[in-house]
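In the text below, chain A, chain B and the rest are named by the order of the sequence lines, each starting its count at 1. Any value given below was found using the heavy atoms of this structure, including those in side chains, with hydrogens, waters and symmetry copies removed. All values derive from a computational prediction rather than experimental measurement.
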Amino acid sequence: MFFITIQSRKTTGAQAPGNKPMTVRTRFAPSPTGYLHVGGVRTALFCWLYARKHGGNFVLRIEDTDLQRSTAESVNAILEGMTWLGLEYDEGPFYQTERMERYRAVIQQLLEEDKAYHCYCSKEELETMRAEQLARKEKPRYDGRCRSRKGPAPAGVAPVVRFKNPVSGSVVVDDLIKGRVVFNNAELDDLIIARSDGSPTYNFTVVVDDMDMKISHVIRGDDHLNNTPRQINILTALGATLPRYAHVPMILGPDGQRLSKRHGAVSTMQFRDEGYLPEALLNYLVRLGWSHGDQEIFSIDEMIELFDITDVQRSAASVNPDKLLWLNQHYIKTCDPAHVAHHLSWHMGRREVDPTDGPDLVEVVKAQRERAKTLVEMAENSAIFYRDFDSYNEKDAAKHLKPENAELLRGLRERLVVLPDWTAEAVHEVINQTAEEYGLKLGKVAQPVRVAVVGRAVSPPIDITLALLGRERTLARLDAALEHISRRTAGAA
RNA sequence: GCUCCCUUCGUCUAGUGGCCUAGGACGCCGGCCUCUCACGCCGGUAACAGGGGUUCGAGUCCCCUAGGGAGCGCCA
């Protein structure tokens, strides 16, 4: 006997058995019951990359059949997150709530073909059944008592519809990540595909949608692995072509526990708010469970080129916030400054700093990008270029804005006033000359000036800082510092 | 309880029987550079869950145990 349809874990998933090229169609199918969390984003990223890599289509489908919990805000959060990350979809968003008629028709079809049946068991009855099975140390499942029910329907009971799952044999899932997984049909039961109010249930809508949308590769969280045999059975009953499956492991919090709000940033938009660049988050996420040798940095194009769903790790991965931070810093440092400036200006706006009231933000990015791990940090440290700071850092002012330095600052000021060109080079020259004149090392000059113009002992190189600040702001702040020193002198006297 | 999945440094991972006295990255610890903060550079710390097999040889193959996780809804 030959197993001609074996699709081993390492075969190219994008080929149908028999080497026929197949059109890749993946989908991301979140349910809009909350924010878009990183686990979902990683799944979406994998789906998107896989479609892009194979020149296929990426479909967005909103699974909103749970009317109680689905909200328009959540839909917006999903759309907003996808947009921010640049995970553009080729089709959709499709809403399941708009496809109810279709589901109803398929349920009717199954009923007519005797592949499904009405079940009149009450919830209490089912509950009792479950309890008894558990007591007998059995896996709780519906025993199919309505399957062969004869005679007239019980009066006054709205029935559910159950799918007639095969009672024997097994279902083989050749998962692109997990490998071959075999389920015995005896472990499965007749699941409800339509509730007593007629509405379709999840495992059923997924199947109908994946079939109708001609999804070739179902890439989803491995919490769905156990649902797969049921879905395959329905798909088979419907005569559909089976998609390939790839169940990606879950993402755990930094402590190895399941991801939750308590672990801090799990909402995609929270990463934006905390100053992360989308490319950093994407790069971080793609390396969570996937790798290409020792490579750590991947541009979007490289991801598309190198990614393969069959190379995804089979085990769950914990989030490492420090590494994300490192990647963010890397992208802040290496991305086109104009691109970084674009994102930075959003953060400036959030802090009510007007980035047009001062130096070109792109130049500020160039000066700051090696000293900020997040855009929030960069925005904080860059506000001084656009508006005056409120007060000096106490320790730094005490150390550097002292009476002995007054003359130095005055001397420097005089030179700066008459400087013909206000450039970093010219400023640099002046500072060097001043240091020489006073017989001081550069640091002894730079630090007092730094505290005078930015309020604390930390800033980009002093010449660049002054150049960005501009002559007007620099002189005004030197004056203010001199005044601060004299007040201090007076106070001490 | 039952079914399914998973298990290499603290974390993300390389590794597809000999190239492994297990490599890279983040973090951490030292050092260098330096006008501050950083960047950068150099060096160090640290892992094959345990036990049985198979084999001349096992991180790599098989089995068991332990530990994690998921599912078992008229939720998705």
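Comparing the same atom, C1', in B:G10 and in B:G27 gives a spacing of 8 Å after rounding to whole Å. For the P atoms, the distance linking B:U21 with B:U60 amounts to 14 Å, nearest Å. For B:G44 and B:G67, the P atoms lie 38 Å apart once the distance is rounded to whole Å. Across B:C62 and B:U16, the matching P atoms stand 16 Å from one another, rounded to whole Å. Here the separation of B:G15 from B:A76, taken at their C1' atoms, is 38 Å to the nearest Å. For the C1' atom pair drawn from B:G18 and B:C72, the interatomic distance equals 46 Å after rounding to whole Å. When the C1' atom is used for both B:U8 and B:G71, the distance is 28 Å, rounded to whole Å. The gap from the P atom of B:U11 to that of B:A58 amounts to 27 Å, rounded to the nearest Å.
Taking a pair to require two hydrogen-bonding distances under 3.5 Å in either a Watson-Crick or a G-U wobble arrangement, B:U60 remains unpaired. Pair check for B:U34 finds none; no Watson-Crick or G-U wobble contact set falls under 3.5 Å. Across all strands shown, B:C9 forms no Watson-Crick or G-U wobble pair with both distances under 3.5 Å.
As judged by a 4.0 angstrom heavy-atom cut-off over every strand, A:D64 is placed among residues making no nucleic acid contact. At a threshold of 4.0 angstrom between heavy atoms, the contacts of A:G289 are confined to the sugar-phosphate backbone, with no base atom among them. Residue contacts shown for A:K137 are limited to sugar-phosphate atoms, with no base heavy atom under 4.0 Å away. Here A:P460 lies in heavy-atom contact (under 4.0 Å) with a base. Within the nucleic acid shown, A:E187 comes within 4.0 Å of sugar-phosphate atoms alone, with no base atom in reach, counting heavy atoms only. Residue contacts for A:R130: at a heavy-atom cut-off of 4.0 Å it reaches the sugar-phosphate backbone alone, with no base atom in range.
Under a cutoff of 6.0 Å and an axis angle of 45°, A:R61 and A:Y95 do not form a cation-pi pair.
A:R314 has its CZ atom 19 Å from the P atom of B:A70, to the nearest Å. Atom P of nucleotide B:C72 and atom CG of A:N185 are separated by 17 Å, given to the nearest angstrom. The separation between A:D190 atom CG and B:C72 atom P is 16 Å, rounded to whole Å. The separation between A:R42 atom CZ and B:U13 atom P is 8 Å, rounded to whole Å. Protein atom CD of A:E127 is 9 Å distant from nucleotide atom P of B:C74, rounded to whole Å. In this structure, CZ of A:F94 is placed 20 Å from C1' of B:A76, rounded to the nearest angstrom.
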Check the pair A:H343 / A:H339 against ring-ring contact (aromatic ring centres under 6.0 Å, His included), numbers first and verdict last. CA-CA 7 Å; A:H343 286 280; A:H339 173 74; 4.8 Å; yes

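When only modelled atom types and interatomic distance are considered, A:Q368 and A:N381 share no side-chain donor-acceptor pair under 3.5 Å.
Here B:C39 is in the syn range [glycosidic angle within 90° of 0].
A donor-acceptor contact under 3.5 Å is not formed by the side chain of A:D66 with the base of B:A76. With hydrogens and angles left out, the side chain of A:S196 and the base of B:C74 share a donor-acceptor pair within 3.5 Å. One N or O donor and one acceptor, one from the side chain of A:D294 and one from the base of B:G23, sit under 3.5 Å apart. In this model, no side-chain donor or acceptor of A:E370 finds a partner on the base of B:G40 within 3.5 Å.
A:W290 and A:F307 have tilted rings, their planes meeting at an angle from 30° to 60° on a 0 to 90° scale.
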